[in-house]
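Take a look at the structure set out below.
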2 protein chains.
Amino acid sequence: MSQFDIIHKDAAGRIGKLTTPHGVVETPTVMPVINPNIQTIKPSEMKDFGAEILITNSYIIYRKDELREKALKDGLHALLDYDGPIMTDSGSFQLSVYGEVEVSNAEIIDFQQKIGTDIGVPLDIPTHPDVTYEKAKEDMDITIERLKEARGLVKEGGMLLAGPVQGATYKDLREECARELSDVGFDVYPFGAVVPLMEAYRYADLVDVIASAKKGLDPVAPVHLFGAGHPMMFALAVALGCDLFDSAAYALYAKDRRYITSRGTYHIDKLKYLPCSCPVCMAHTAEELKKAHNCTELLARHNLYVTFEEMREVKQAIWEGNLLELVEQRCRSHPRMLEALKQMTNYSSWLEECDPSSKSTFFYCGPESAKRPEVLHFTKQLERLTIKGSVLIRPYPTKKDKEYDNVMVFKPPFGSYPQDLAEVYPFNAEVVRTPDYESLETAFLNTIKLIELNPEANYTFLMRESFEHPLVEKLAEMDNVTVVPPKSD
Amino acid sequence: MSQFDIIHKDAAGRIGKLTTPHGVVETPTVMPVINPNIQTIKPSEMKDFGAEILITNSYIIYRKDELREKALKDGLHALLDYDGPIMTDSGSFQLSVYGEVEVSNAEIIDFQQKIGTDIGVPLDIPTHPDVTYEKAKEDMDITIERLKEARGLVKEGGMLLAGPVQGATYKDLREECARELSDVGFDVYPFGAVVPLMEAYRYADLVDVIASAKKGLDPVAPVHLFGAGHPMMFALAVALGCDLFDSAAYALYAKDRRYITSRGTYHIDKLKYLPCSCPVCMAHTAEELKKAHNCTELLARHNLYVTFEEMREVKQAIWEGNLLELVEQRCRSHPRMLEALKQMTNYSSWLEECDPSSKSTFFYCGPESAKRPEVLHFTKQLERLTIKGSVLIRPYPTKKDKEYDNVMVFKPPFGSYPQDLAEVYPFNAEVVRTPDYESLETAFLNTIKLIELNPEANYTFLMRESFEHPLVEKLAEMDNVTVVPPKSD
Ligand SMILES: [Mg+2]
Ligand SMILES: [Mg+2]
Ligand SMILES: [Zn+2]
Ligand SMILES: [Zn+2]
C-alpha cells in the first residue's frame, strides 16, 4: 500500500501527503497532463503554477520509436525534463476511443516500470455510462482481472500502482469493484470513465459514482478522479473524498480559445473584461489577449493559474473547516451543479461519519444546508436529550424564560435545542432571519421528534410569522404543545 | 448635469461612461482612497491595478498647512502626482466621528474648486442608522440646504458636484431626499452613511436604502455608494444601480493584517494557502507573506488586485446579461448577504422595469431565483395569453401531445407557458430537475392564475413526483382541471 497520510479533514475531503518515488505530493492537487509530442507549456515550468505531480501517457511514448527509445534509455523524467513525481496512463483512453490498442496489459505495465513512472496504470476498460448492466459488469470483470495481473507484476516499494474503479453508472458495480480492488490492494484508486458524465453536465450522476465507489474503499485510500480537471467541480469532488485530479483541459480549452474560471468557461471572444489577476490577465486586456499571436499559450497559462488557484481555495476551506460552504457556493455556477449539490445531500449520513466534530461556524447557504451532515448529526443525537417539566421553545430570549423549567432555542434548520448549547458548534450557526421552506421542514420535524421522544414534558412554542409552515399545524395538534401565535406588532 | 452615458444594462446595473474634467471613467468602478498623509501605495501606481479615478479628502489637505499650500499652488493633481480624475470628500466623515469640523460648507466647496477637484462633495451630515425619525429628518433638511448652497457656488462646466443622499434607514426619507436633490440637479449622487450598516453586516437594510434612494432619482443619474469597498458586495450593489464605490478597505484591512477575497475576509494568520493568482500571491506562500517585513504593503496590493478583479467580473456579467446569477452566487458568502438577496427579491418589480428584455440564459440558483424579475415579468404577462379548447400541461413532450388543441410546458419557477415559447428567453432557462418549494410555489400560482384567466378551456396537468406541493390540491379542485398522477415507474 502507498504511504498516504491524512493531515486534515472536512466532510469527506482531506489534505493528505502521498509519498511517491520522486517525492511527496500534497493532496488534493491536480496533475497537468503532458502530451509527450506537443508541449504548450514545458514540464519544467509546471512547478511555477503550483503543480506537484504531472501525468502523461505511457502508451503514446511506447508507440513512437524516438520517444520509447529515449524513455527506455534515459528514463521518463529525463524525457520530460522534470524531476518530480510523474503518473502515466496506459492507453485505456485510446482503447475507449478506438476500440483497441497495440499493447497488452502486461506489456504496458512492464514498460511503465522500466521507464521509471511514479504511478503506473494497468490497461483497464473505461465503460461508457449508457451501456447495459451486463456489459458494464463484463467490462468490470475484465478490468479486475487485468488489475490483479498488474498487481502480480509490480513489486511493492517501487512504482506505485493505480487500480481504476469501473462500473459505469451502476452504483452497486462501482461499490463492488472498489471493494474487490481494495482486497487486492492498490496504491491509488482512480475512478474511471467519468469524463462522459462531465461532458454531458451529468454532475448528479457523478456524485453517485464517487459516493458509491468511495463506499467500497478504505476511507484512507487516495482517490484520483480520472479526467476531471475543471476547477468548477473541485470543491464538490474533494468534499466527496477525491484527492487527485488531472487537467488536459488547460491546454485543450486553450486550443479552443476557451478561458477557464472557477465559475465556468468563457469563449475568449465573448470576454470584454478579464475576471482574473493572474500574470497573463494583469499583462493583457481582453482585446489584447484575443489578438495575441500566442493566444493559445497565454490562455493555457491563465487556465493553469486559475486551476491551481481554485485548488488552493479548496485546501484553505478544508483547513478552516468550511469546505461545505464553498461547495454550496460553487454549485451555483450551473443548475446541473446545483442538482449535484442536491444529490450530495442524499449522502449526508456518510459525510456525517467522515466529518470531524468541531469546525468553523456553520453558514446557512440555502435549502441544501438544511440537509448538511451537521444538521443530520443533531437529528441523530435527539435521542440523547432528556427533557422534563415545562419547556419554552422560542427563537430569542424573552422575559418569560424564567417562568419555565427548561428553555430551548428554536433555530432552523436545526430545530429545538437546549439554550445552554446556543454558543456551541454547530448551533452558533449564522442563519437567515426568514428561513426557507426546507429549513423550516427540518427544524419542525426535529422538534416534533424531540417532543415525541419526551412525551411527559409540556411545551410552549413561541410562533413567529417567518416560521409559517404546514408542520406548525401538526405541532399545534400535539396534546402537550401550546403554540403561541406571533404578536401583531 | 454630468455627462453620464449608459452603454450596457443588466437588472438595475449598468456599464457607463462618466465624463470628468480629467477624463472619462468607465463605471462601475471603485475609487482607491488616498490618504494625503500616508500612502501605502503611490497614486501614480493605481492605474496598474485598474483604477480609473481616485478619491481623497479635501478636509485633511485643508487643515494641514503644508498640504494646503501645495494644493493651492500646484493643484490637487500635482499634490498627489496623479493626472486622472480625482474626487474629494469634504470632512463630513470627520463631522460624523468628532461631531464638528473646522470648516464651513461654503469654505470647503470653495477650496475643492480652487485645488482642481474633479468631483467635489459639500459638507453633508451623515446620519447614523439608529437615530429617531425626527433626527434623521432634521439632519436631512440641513444636508439639503447645504447642498443647495453648494449648487449655487459651483458653476456647471467645471468641477462636478456630488449631492449625497441621506435619510438614515428611513426609506421614505431616502426617497424624498433623492427626489429633492434630483430637482436641484447634481452630477453624482453618493448614498451616504451606509458604512455603519455594512460594519454591522446589515446588508438587507443596505438593500432597502439603495432601492429607496434610487426610486427618488432619475434612473440615468450616476450613483456612488459612499464608503463601500468590499468586493463581496459589488455584484449586489451594482445590480441595484450603484456605479461608483470607494475603497479605503484595501489599506485599512492590510494594516490589520486582513486579506480580502470576493468571498469574504481572512486574517492572514489564518491563511495556510493563498486563494489568489495576483502578482503578490504568485510570488509568496502564505507563510512568506505573513513573515514579510513589508506585509502591510503586500496585503494592500493584493487587496487592490482582488478588488478590481471583482469589478471586472461584475462588468463582464453585465456585458453578458448574467449579473443576477453572479449576485446569487456572491450572496452565499455569508448568511447576512443571503438575507440581502432575499430582500432584493422584494424589489423585483422595479428591477423588471429596469431590465432589458433579452439576456443570457436564465440559470436557476435557488429559491430566490423564483422571484427574479424575469419570472415576475412572465406573471405580469399572463393576462395577455388567450387559451381555448383542450389543453395539456406537461413538463416534457409526450405521445399524447397531439390529442390536445393546445400544449403547454410546465417549468418551475415560471409556471405554464405555450410550447412554442420553449426555446425563447427566459423559458429556455436552465433549471433543476427537483425544484425547490418556492420555485414550485411560483409555478403553481402562475398556472392557477392562467387557468382562472382562461376559464373556458379544459386543462389536463401531468403531475410528477418532484412537483409535489400543497397547491397541487388547489389545482386539482378546479372544475376544468384534471391532474393526472405520476406513473409509478
Ligand atoms: Mg464545515
Ligand atoms: Mg440576467
Ligand atoms: Zn488569468
Ligand atoms: Zn493575491
Side-chain angles (χ1 to χ4, degrees), chain A residues 8 15 48-50 201 204 261 263 266 270-282 286 302 305-306 308-317 319-320 325-326 328-330 332-336 338-339 342-343 363-368 429-434 436-438 441 470, chain B residues 8 15 48-50 201 204 261 263 266 270-282 286 302 305-306 308-317 319-320 325-326 328-330 332-336 338-339 342-343 363-368 429-434 436-438 441 470:
Chain A
H8 216 85
I15 294 174
D48 300 339
F49 293 92
Y201 286 65
T261 81
R263 298 176 55 237
Y266 292 100
K270 294 213 171 161
L271 275 178
K272 180 93 177 161
Y273 306 92
L274 300 177
C276 174
S277 300
C278 84
V280 173
C281 297
M282 288 316 294
H302 158 84
Y305 280 120
V306 294
F308 284 102
E309 175 178 327
E310 179 65 3
M311 203 52 96
R312 291 193 300 275
E313 180 101 57
V314 168
K315 285 164 85 169
Q316 176 63 28
W319 190 258
E320 279 182 280
E325 278 83 359
L326 182 64
E328 292 200 44
Q329 289 166 37
R330 289 297 188 247
R332 283 182 166 82
S333 300
H334 194 286
R336 298 283 91 71
L338 186 53
E339 283 178 353
K342 288 178 186 288
Q343 193 68 14
F363 275 16
Y364 180 87
C365 300
E368 300 77 20
E430 291 277 357
V431 300
V432 290
R433 269 169 292 186
T434 309
D436 294 317
Y437 183 89
E438 291 81 355
E441 177 101 358
Chain B
H8 216 84
I15 294 174
D48 300 339
F49 293 92
Y201 286 65
T261 81
R263 299 177 54 237
Y266 292 99
K270 294 213 171 159
L271 274 179
K272 180 93 176 159
Y273 305 93
L274 300 176
C276 174
S277 299
C278 85
V280 173
C281 297
M282 289 316 295
H302 158 84
Y305 280 119
V306 295
F308 283 101
E309 175 178 328
E310 179 66 2
M311 203 51 95
R312 291 193 299 275
E313 181 101 56
V314 168
K315 285 165 84 170
Q316 176 63 28
W319 191 257
E320 279 182 280
E325 279 83 359
L326 182 64
E328 292 199 46
Q329 289 166 34
R330 290 296 188 247
R332 282 179 167 84
S333 299
H334 195 285
R336 297 281 92 71
L338 186 53
E339 284 179 352
K342 288 177 186 289
Q343 193 69 15
F363 275 17
Y364 180 88
C365 300
E368 300 75 21
E430 291 277 356
V431 301
V432 289
R433 269 169 291 187
T434 309
D436 293 317
Y437 184 89
E438 292 80 356
E441 177 101 356

Original post:
Going from CD on A:Gln343 to CZ on B:Arg433, what distance comes out if it is rounded to the nearest 0.5 angstrom?
Top reply: 8.5 Å

**OP:** Decide yes or no on side chain to side chain contact (heavy atoms under 4.5 Å, CB included) for A:Lys315 and B:Lys272, but give the supporting numbers first.
**Re:** CA-CA 8 Å; A:Lys315 285 164 85 169; B:Lys272 180 93 176 159; over 6 Å; no

Subject >> Distance (rounded to the nearest 0.5 Å) between A:Cys281 SG and B:Arg312 CZ >> reply: 7.5 Å

Original post:
Can you name the nearest heavy-atom pair linking B:Ile15 to A:Tyr273, along with the distance?
Top reply: CD1-OH, 3.7 Å

Subject >> Non-hydrogen side-chain atoms of B:Gln329 and A:Gln329 separated by less than 4.5 Å >> reply: no

Original post:
Rounded to the nearest 0.5 Å, how far apart are CG of B:Asp436 and CD of A:Glu438?
Top reply: 5.0 Å

**OP:** Under 4.5 Å, counting heavy-atom pairs only, tell me which of B:Leu338, B:Thr434, B:Asp48 racks up the most with chain A.
**Re:** B:Leu338

**OP:** Give the minimum heavy-atom separation between A:Ser277 and B:Pro279, together with the two atoms involved.
**Re:** O-CD, 3.7 Å

Original post:
Closest approach of A:Arg263 and B:Leu326, non-hydrogen atoms and distance?
Top reply: CZ-CD1, 3.3 Å

Subject >> Side chain / backbone / both / neither for A:Glu320 at chain B, heavy atoms under 4.5 Å >> reply: side chain

Original post:
So, the side chain of A:Glu309 versus the backbone of B:Leu274: is there a donor-acceptor pair under 3.5 Å, distance only?
Top reply: no

**OP:** Check whether A:Ala204 gets within reach of chain B through its side chain, its backbone, both or neither, counting any heavy atom under 4.5 Å.
**Re:** side chain

**OP:** Would you mind telling me which of A:Trp319, A:Phe308, A:Tyr364 has the largest number of heavy-atom pairs within less than 4.5 Å of chain B?
**Re:** A:Trp319

Original post:
With a 4.5 Å limit on heavy-atom distance, are the side chains of A:Tyr305 and B:Met282 in contact?
Top reply: yes

**OP:** Output the option from A:Glu313, A:Arg332, A:Glu441 having the highest count of non-hydrogen pairs under 4.5 Å with chain B.
**Re:** A:Arg332

Original post:
Of the listed residues (B:Glu339, B:His334, B:Lys342), which shares the most heavy-atom pairs with chain A below a 4.5 Å separation?
Top reply: B:Glu339

Subject >> Segment of A:Val431 engaging chain B (4.5 angstrom heavy-atom cut-off) >> reply: backbone

**OP:** With a 4.5 angstrom heavy-atom cut-off, could you sort out which part of A:Tyr266 is near chain B: side chain, backbone, both or neither?
**Re:** side chain

Subject >> Option that, when pairs with chain A are counted at under 4.5 Å, heavy atom only, ranks first among B:Glu328, B:Glu368, B:Arg330, B:Glu430 >> reply: B:Glu430

Original post:
Of the listed residues (A:Gly50, A:Ala429, A:Pro275, A:Pro367), which shares the most heavy-atom pairs with chain B below a 4.5 Å separation?
Top reply: A:Pro275

**OP:** Among the options A:Arg336, A:Met311, A:Glu310, pick out the one with the most heavy-atom pairs lying under 4.5 Å from chain B.
**Re:** A:Arg336

